[in-house]
Protein chains: 2
Amino acid sequence: MQAVAERANVSPSTVSLYLRRPEAVAAATGQAITGAIDELGYVPNLVAGGLAAAASRAVSIIVPSVRNAFFAETVAAMQAELGKERLQVMLGHSEYSDREEESLVRTALSWAPSAIVLTGQSHSAGTRKILAAGNTPVVEIWELGGQSIDMTIGFSHDKVGRTAAEYLVGRGRRQLAFLGARMQEDRRANTRAQGFVQEALRLAGLHAEIIGNPARAGVELGALLLGQALERVPDIDGIACSNDHIALGVLFECQRRGISVPGDIAVVGFGDLDFAGSCIPTLTTIRPPGDLIGTEAARVIINHVRGDRSDSHCVIDTGFRLVERQSA
Amino acid sequence: MQAVAERANVSPSTVSLYLRRPEAVAAATGQAITGAIDELGYVPNLVAGGLAAAASRAVSIIVPSVRNAFFAETVAAMQAELGKERLQVMLGHSEYSDREEESLVRTALSWAPSAIVLTGQSHSAGTRKILAAGNTPVVEIWELGGQSIDMTIGFSHDKVGRTAAEYLVGRGRRQLAFLGARMQEDRRANTRAQGFVQEALRLAGLHAEIIGNPARAGVELGALLLGQALERVPDIDGIACSNDHIALGVLFECQRRGISVPGDIAVVGFGDLDFAGSCIPTLTTIRPPGDLIGTEAARVIINHVRGDRSDSHCVIDTGFRLVERQSA
DNA sequence: TTGAAAGCGCTAACAC
DNA sequence: GTGTTAGCGCTTTCAA
């Protein structure tokens, strides 16, 4: 920056000012600086900038895993938006562990990020404490209805479960089950299951079974869970799944066993993943707005970085959408 | 750090030393420092550390998109390994654009990262130039056989294509096609297609068709491409796909059209994605070692950070594996 | 509209 | 094994 300043016949602080607020510098001066930057191939050092400014242009995003298509979508959307503002995405994977999340938050804070993004609203006491101690803006995504730390963007998983129940009950289904994976760790899947059960009871006095498995959500698991469901609820006619992978496994297993979908059993998924529109039968599912969550999170962060604090403690309900197809 | 030092009755530089190389400090001194850190809730400032050390503990990873399950797997594996060494993952998405990649590399360099990870070996001249100008270690992943910048970890996509062709030809298939998406942008898919065509010709003098589409790889596209394949090669009996999503779409469309797999058409995928083992029929596919690529990349980076330069300019062939199942 | 000056919190020679 | 010292490359008052 010193070299650029000399070449442009200005002081380093003017170069710095120009880089951050070009409109505050005279047009001619700006031209000279731009020229010098190009000639020298100057690359600003954001680490030094972050130190001097006491806040780096980094945004720390902590998700359970980017292997999960939901979070991959959100992370990709956020990166695209934040990148436009030259904000760097720093990524961490909690692997559904509150302890790991706490450790990642601690590390994240070491980077003096412009914001920290966390998945869900359930965190360790330690996480809440260190976050409360500082004043880094926090955005919680993909969940709503719990105790917010700061800003919150997501939807109600309870409502998702209730919507699935309402839909199946409304189509005359009476023997219901909810199939899920990792229900201990994945609080959101658990909330969907509870909403499903409660709504089935409330609407029609039905008792819906929850059939869970600690394994990772996958197509294979869906097939396995269907088998268990058939044992526990022999005349089952309606199934909601904690995600589309499981639902796809159910569809395959039904095909293998000669069970008609939706004739014998109606199946509702969650996710609206890639294959949902083209599998056999096509999958009725609930679509969470993963990209919208990402762009909204980026928006409130960018506003905050610009000094606009109006989104502070906001709660944004992005909603979700039931996509009707053949399976239910 | 100053406060910690005072509380532990040592100098700040001893605290710094202890934090970076605990074994270089006397045990008793270390205890005192640990105690002071806990009492004060000290969180080191990695931005300041990065500035002073002229290299931050950040690793910049640039992939086409983390929405793609292949890269998600690699990114997740790398993050897990790098995290153990307190190295931060910074993420960027090139969206298969060399220009975007160049811009991301430029920004990455602003962070003085410990290493930069790029996907593939095809980059813009500008990218190569700015990377050559600095001395940040570069790891290219997911591709082999091209011109390396520095370290390279991946496998031969040409061989993947040849393996698929050899397998199909070996099973007596004679009317072949390769179905792919985004073949202009995705050089690696393109290389697989070329390898497929050349090997079919070399082994049995067969002319294999390449059927491409600029759309994003997806299940729906697979169904569409099968339709085109049937028009272009009416008596087609062997299909290789640029990834498993497309292969799944082919399986569904075959089922809809009453085409038997593998009876009428044998199908080979690429990816060994989640559903490959449980779809109907189960999918014969080629499994790229996404996680191994990630852990190996992390390993060479960690070695470099520790001062071990022995991996410099290494080329690691991770290979791949053909997984035989029902579809071929 | 521009510049001078004082750090930001740490690291890494080097001396002790 | 520990401390002294001199920055790392910027940002940000504040004054001109």
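Only heavy atoms go into these numbers, but all of them, side chains included; no hydrogens, no water, no symmetry mates. Note that the structure is predicted; figures quoted are calculated from it, not measured. The chains referred to below are lettered A, B, ... by the order of the sequence lines, with proteins before strands, and numbering in each begins at 1.
A heavy-atom distance below 4.0 Å to DNA chain D is reached by these residues of residues 11-42 of chain A, ordered by number: A:Ser13, A:Ser16, A:Arg20, A:Tyr42. Taking every heavy atom of residues 43-58 of chain B and every atom of DNA chain D, pairs under 4.0 Å involve B:Leu51, B:Ala52, by number.
Think of the region where chain A sits on DNA chain D: with heavy atoms and a 4.0 Å cut, that region ends 5' and 3' at D:dG9 to D:dT12. When DNA chain C is scanned 5' to 3' for any atom under 4.0 Å from a heavy atom of chain A, the first and last hits are C:dT1 to C:dG9.
Considering all non-hydrogen atoms of both residues, A:Pro137 and A:Asp150 come closest at CA-OD2, 3.6 Å. A:Arg187 approaches A:Ser122 most closely through the heavy-atom pair NH1-CB, 3.2 Å.
Annotation: side chain of A:Ile301 is not in contact with side chain of A:Glu85 (no heavy-atom distance under 4.5 Å). Looking at B:Thr74 and B:Val63, their side chains never come closer than 4.5 Å, going by heavy atoms from C-beta outward.
Applying the salt bridge (Lys or Arg N to Asp or Glu O under 4.0 Å) test to residues at least two apart or on different chains, the pairs with a partner in residues 28-49 of chain B are B:Arg7-B:Glu39. Pairs engaging residues 14-37 of chain A under the salt bridge (Lys or Arg N to Asp or Glu O under 4.0 Å) rule: none recorded [sequence neighbours left out].
Here OG1 of B:Thr107 is found 10.5 Å from CG of A:Leu87. Values are rounded to the nearest 0.5 Å.
A salt bridge is absent between B:Arg216 and B:Glu185; no separation between the charged side-chain nitrogens and carboxylate oxygens falls under 4.0 Å.
In summary, of the residues considered (A:Glu140, A:Arg188, A:Glu101), a side chain to side chain contact (heavy atoms under 4.5 Å, CB included) with A:Thr119 occurs for A:Arg188 alone.
Within 6.0 Å of CZ in B:Arg128 there are more than 12 heavy atoms belonging to other residues, nucleotides or ligands. With a 6.0 Å radius and a threshold of 12 heavy atoms from other residues, nucleotides or ligands, A:Arg299 has its CZ atom above the threshold.
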**OP:** Determine, stepwise, if the pair A:Trp142 / A:Ile293 fulfils side chain to side chain contact (heavy atoms under 4.5 Å, CB included).
**Re:** CA-CA 7 Å; A:Trp142 272 91; A:Ile293 290 172; 3.9 Å; yes
